[in-house]
Amino acid sequence: MSHIRGLEDGTSEIRGVVLSSSANEKIVDGLRRGIGALFAGDREEHFVATPVISRRTSERAGYPTTFPQLLGAVHGSQDGDEPTATDLVLTSAACHHLYPLLAGKVLGAPTCLSVEATCYRGEKTYETGRLRSFRMYEVVRFGQAGAVEQWRDRALRSADQWLSGLGLSTRVVQASDPFFGRTGDFLARTQREQQLKWEITAELTEDLSQAIASANYHKEYFGEAFEITNTDGSETHSACLAFGLDRITLALRHAHGVDTSDWPLAVRANLAL
């Protein structure tokens, strides 16, 4: 079994749920170290989150309203009763774990945090890399409006240069999220018009490119939702840079081959392989 097959479906019989080989885990470890080093001068703390999150936090972030088609719920029973929805849902975006940490706080200076989480999204497609369960590493910046947007742009350029340095042929493209319903069409159009979301894409197969990282400027959305303010009383703005660790691994294997010992020396050195 090839390593690419091992990441795509392993021994799993369920679409979009995969096993990752030990060889792939070495690549992912290298990616973690590389991302950490890339943002070492910015971030104040790094967290590793659980695959579940408070339903209340997800609702506060607006996910069940804007992306109900992607959300996964957790059901359970008490004392042998019929299983019902619990106070947990599956993590949809790693950054959702960070906002409660700052809820109700006044930020005296720009704040940067990072987090990794195993996420779930109810994807319907059979495309390679379109996983329903996947690992996301996110870096989130909080602060004043203009400064946060400038950070997003710098972080996007740095991430693209770093991924290109791993031998990937990347493209930075404007994008929008898959918002739900007719209101979602308006939200996606607004997102594009205001250039709030950008993606870094790379080939996963000969005829398929997907986003392996994305940079999003949330404006005051999460500051308002979680009552995070600046010292001047304004609502904090936020932006994030998200890396799909499993997709980057797929892109690297497509670019350099199955056997990591045959990869370019510079790439192996960067990932400590």
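Position 1 is the first residue of the sequence, and the numbers go up from there. Below, each value reflects all heavy atoms present in this structure, side chains not excepted, and no hydrogens, waters or symmetry copies. Every value quoted in this text rests on a predicted model; they were computed, and no experiment measured them.
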State, yes or no, whether a side-chain contact exists between [X] and [Y] at a heavy-atom distance under 4.5 Å.
| X | Y | answer |
| --- | --- | --- |
| L250 | H254 | no |
| D42 | W151 | yes |
| W162 | N270 | no |
| I212 | L168 | yes |
| K26 | T260 | no |

For this session: Please check if the distance between the ring centroids of Y63 and H96 is under 6.0 Å.
Result: yes
Exercise. Mind checking whether H46 and F39 have ring centres under 6.0 Å apart?
Worked result: no
[X] side chain to [Y] backbone, donor-acceptor under 3.5 Å:
| X | Y | answer |
| --- | --- | --- |
| N230 | D232 | no |
| S158 | R154 | yes |
| Y217 | Q150 | no |
| R141 | R152 | no |
| T205 | E203 | no |
| E116 | L245 | no |

Problem set entry | Salt bridge flag under 4.0 Å for residues R32 and D29 | yes
Problem set entry | Positive for side chain to side chain donor-acceptor pair (under 3.5 Å) with K219, one of H237, Q194, E149 | Q194
For this session: Determine the sole option in I53, V48, V52 for which the side chain to side chain contact (heavy atoms under 4.5 Å, CB included) test with T50 is passed.
Result: V52
For this session: Would you tell me whether T249 and D246 have side-chain atoms, one donor and one acceptor, within less than 3.5 Å of each other?
Result: no
